[in-house]
Amino acid sequence: MSSPTILVGEKRYALARGSLRPAAVSEYDAIVLGAGGAGLMCAAVAGQRGRRVLVVDHADRPGKKILISGGGRCNFTNLHTAPDRYLSANPHFAKSALGRYTAHNFLALVEKHRIAWHEKALGQLFCDGSARQIVDLLLDECAQGPVELALAQPIRAVEHADARFRVTVGAREVVAPALVIATGGPSIPKLGATGFAYDLARRFGLKIVEPRPALVPLTLGGEEALFRTLSGVAAEVVARAGKASFREAALFTHKGLSGPAILQISSYWRHREPIAIDFAPDQPADWLLNLKRQNPRTTLRSALAATLPARLAEALAERVGLERELGNVPDTQLRASADRLHAWPFHPNGTEGYAKAEVTAGGISTAELSSQTMEARRVPGLYAVGEAVDVTGWLGGYNFQWAWASGWAAGQAL
Ligand SMILES: Cc1cc2nc3c(=O)[nH]c(=O)nc-3n(C[C@H](O)[C@H](O)[C@H](O)COP(=O)(O)OP(=O)(O)OC[C@H]3O[C@@H](n4cnc5c(N)ncnc54)[C@H](O)[C@@H]3O)c2cc1C
C-alpha cells in the first residue's frame, strides 16, 4: 500500500512513512476538491476500497475547521443525530447517508484510534485531548489506501470531456473519471472558506439553494439596540422562530444576541421576521398572578432575579413598565406582562455574517444529487459532499456527522 503524498510546488512527496520521494502519476480514480472533514472521509473510504485518490486543497494544512472546532476539542458527532435535526429544502435527503453511517460508526473509528472522548450535554461528543487527533485519524485512514494530498495548491481549472475530469492544480494537470466537490461553504473566509463549490456546481448546470450564514449571532438595531448595554449577560431561555424552538443559553453581545439558543434559531430565522425569547421557560402562563396572591409585596424585578441575572431582570422589568409591587398591579396587566416575558419579540436587523457563521445553510441543491451516493444525477462522475450541499445541521456535532456520513456515502460509490 502506498503512503499518502503531499505536493510541494511541482513535486509530490510521501506524506507519511518512508522517505520523501517524488512521484509523477497524474491519472487517478477520483479527485477530491477540499481536504476538510467530508473530503478526507470520502478519500479514506474510497482509498481503502483500492481507489487512487488525489485530494486537493488551497490551504497549507488539511482540516483547518476541524482544528478550531469545539473550542479546540472538536465536537465530532452527536448521539442524537436524526434527519429532523438538519435543515434542507428536502428534509428527507439526508436520511439515507445518516442512516448508513451513524454517530456510532464514527465513534467506533474514534475508539479504534484510541482517542479519549467525553459526552457533554445533549449527546455532544468531544475529544478529551485535541481536535488535532481527529485530523490525524482522518489522515491515518487515508494512509490505509493510495490517497495523495496536494496542499497549498490553487485549483486553476476544471474541465469535463469524454467522461473524464481534468483539473489544473497549481502548474500540473490531473485526470480522473470522478470528481468530488468537498470545498464546503463560505463561512469563516479567513480560514480559506470560499463559495467555490457553488461556482463549480453552477458551471455543471447544478442548481444552488440560496446560501446564507447559519449558526450565527444576530444583530439588533433601533430601539432594541438598547439591549446591547446588557453585553456579556447570559441566561437560559427558549428561543423560537416559526415552528423551531431551542432551550439553551442566550447571550447579549455588543452587537445583539448570541449564545447556543440564538445560534440554533439563527438557522431558521429569515430576514424581517421576529424571533421570540421566553425568559421564564419554567414558569406557567399565570405565574405572575400566582405570585401576586402568594407574595403581593414582591416586584417583578425580584421575581425575575430569582432565575435570571440581576441586570437582565432589571432591564426586563423596566421595559415591561412593572416596577411597582405586584399586589398593586391589576391582573390584566400581570397577564399581559407574563405573556410578553414568555414570548419577548426581537426583530433582528441582520446577522454577523459569514465572518462569524459556524456553517452556511443552503448550497448545492439536493434535487441534483442521489441521496445514496451523492452523485449528480445529470453529470455522472461528479459528486458533492459535506457543507457544500444544502444540508445544514444543528449546533452540537451534527455538521461533522453530516460531513462523515456524506463523505462515506460518496467514498463507497467511487
Ligand atoms: C468555528 C467553527 C467551529 C465549528 N465547530 C463544530 C463542531 O464542534 N462540531 C460540528 O459538527 N461542526 C462544527 N463546525 C462546522 C464544521 O466545521 C463544518 O460543518 C465542517 O467542517 C464541514 O466540512 P466540509 O469538509 O464539508 O467543509 P470544510 O471543513 O469547510 O472543508 C472545505 C475545504 O475546502 C477547501 N477549499 C475551500 N475553497 C477552496 C478552493 N477554492 N480551492 C481549494 N480548496 C478550497 C478549504 O480550505 C477546506 O479545507 C464548526 C465550524 C466553525 C467555523
Side-chain angles (χ1 to χ4, degrees), residues 7 31-44 54-78 81 85-87 103 106 117 120 122-127 131 134-135 138 149-158 167-170 180-200 213-217 260 263 267 352 354-361 363-364 374 383-408 410:
L7 258 180
I31 300 165
V32 177
L33 305 180
L40 290 174
M41 174 59 100
C42 176
L54 178 69
V55 186
V56 182
D57 204 297
H58 64 175
D60 55 359
R61 283 194 291 170
K64 279 193 170 178
K65 278 197 185 164
I66 299 174
L67 292 173
I68 59 150
S69 68
R73 291 218 160 85
C74 187
N75 179 191
F76 54 79
T77 192
N78 194 298
T81 297
R85 290 167 181 222
Y86 292 83
L87 291 84
F106 193 76
W117 57 274
K120 270 202 186 169
L122 309 171
Q124 303 164 1
L125 303 192
F126 288 76
C127 299
I134 299 295
V135 177
L138 293 165
L149 284 180
L151 300 177
Q153 299 290 311
I155 300 164
R156 295 194 193 284
V158 177
V167 182
T168 311
V169 181
V180 183
I181 305 175
T183 49
S187 296
I188 321 281
K190 71 173 187 221
L191 284 180
T194 68
F196 179 83
Y198 314 145
D199 298 339
L200 189 57
L215 298 181
V216 63
L263 298 184
S267 301
E352 290 195 33
Y354 288 119
K356 292 284 160 63
E358 247 183 54
V359 288
T360 304
I364 298 171
M374 305 293 139
Y383 296 75
V385 296
E387 200 178 314
V389 178
D390 173 33
V391 174
T392 307
W394 286 3
L395 188 74
Y398 297 98
N399 284 296
F400 279 133
Q401 187 56 38
W402 170 247
W404 317 139
S406 57
W408 185 90

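From a predicted model like this one, the values you see are computed outputs, not experimental measurements. Both counts, for ligands and for their atoms, begin at 1 and track the order of listing.
Under a 4.0 Å heavy-atom criterion, Gly397 is in contact with ligand 1. Residue contacts with ligand 1 include Glu358, since one or more of its heavy atoms lies under 4.0 Å from the ligand.
Protein heavy atom closest to atom 19 (O) of ligand 1, with residue, atom name and distance, is Glu387 OE1, 2.9 Å. Among protein heavy atoms, the minimum distance from atom 5 (N) of ligand 1 is reached at Ser69 CB, 3.2 Å.
For atom 8 (O) of ligand 1, the choice among Thr194, Asn75, Val169 with the nearest heavy atom turns out to be Asn75. With Asp57, Leu40, Ile134 as candidates, the residue nearest to atom 48 (C) of ligand 1 on a non-hydrogen basis is Asp57. Counting only non-hydrogen atoms, the option in Phe400, Trp394, Tyr398 that gets closest to atom 16 (C) of ligand 1 is Phe400.
Close approach to Ala59 involves these atoms of ligand 1, each under 4.0 Å from a residue heavy atom: 47 (O). The distance from ligand 1 to the heavy atoms of Asn399 drops below 4.0 Å at these ligand atoms: 11 (O), 12 (N), 19 (O). Remark: ligand 1 atoms within the under-4.0 Å shell around heavy atoms of Ile188 are 53 (C). Applying the 4.0 Å criterion to heavy atoms of Gly36 picks out, from ligand 1, the atoms 25 (O), 29 (O), 31 (O), 33 (C), 49 (O). Residue Ile155 has at least one heavy-atom neighbour below 4.0 Å for each of these atoms of ligand 1: 42 (N), 43 (C). Counting atoms of ligand 1 from 1 in the listed order, those under 4.0 Å from a heavy atom of Gly34 are 33 (C), 34 (O). Near Gly70, the atoms of ligand 1 lying under 4.0 angstrom from a non-hydrogen atom of the residue are 5 (N), 8 (O). Under a 4.0 Å criterion applied to the non-hydrogen atoms of Val359, ligand 1 contributes the atoms 15 (C), 19 (O).
Rounded to the nearest 0.5 angstrom, Ile364 CD1 and Leu200 CG are separated by 7.5 Å. Note that SG of Cys74 and CH2 of Trp117 are 14.0 Å apart. Values are rounded to the nearest 0.5 Å. If you take CD1 on Ile155 and CG on Asp57, they are separated by 7.5 Å, rounding to the nearest 0.5 Å.
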- Worked check of ring-ring contact (aromatic ring centres under 6.0 Å, His included) between Trp402 and Tyr398: CA-CA 6 Å; Trp402 170 247; Tyr398 297 98; over 10 Å; no

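Residue Ala403 has no nitrogen or oxygen atom sitting less than 3.5 Å from a nitrogen or oxygen atom of ligand 1, judged on distance alone.
The part of Ala182 lying near ligand 1 is the backbone, judged by heavy-atom distances below 4.0 Å.
Two residues are said to be in side-chain contact when any heavy atoms from C-beta on lie closer than 4.5 Å; Val391 and Ser406 fail this criterion. Side chains of His58 and Phe196 form no contact here, defined as non-hydrogen atoms less than 4.5 Å apart.
Thr183 contributes no side-chain N or O that, together with a main-chain N or O of Gly34, makes up a donor-acceptor pair within less than 3.5 Å. Judged by distance alone, the side chain of Glu387 and the main-chain N or O of Ala403 form no donor-acceptor pair under 3.5 Å.
Heavy atoms only, all atoms of each residue included: Cys42 and Val32 are closest at SG-CG2, 4.4 Å. Heavy-atom minimum distance, Val385 versus Ala38: CG2-CB, 3.7 Å.
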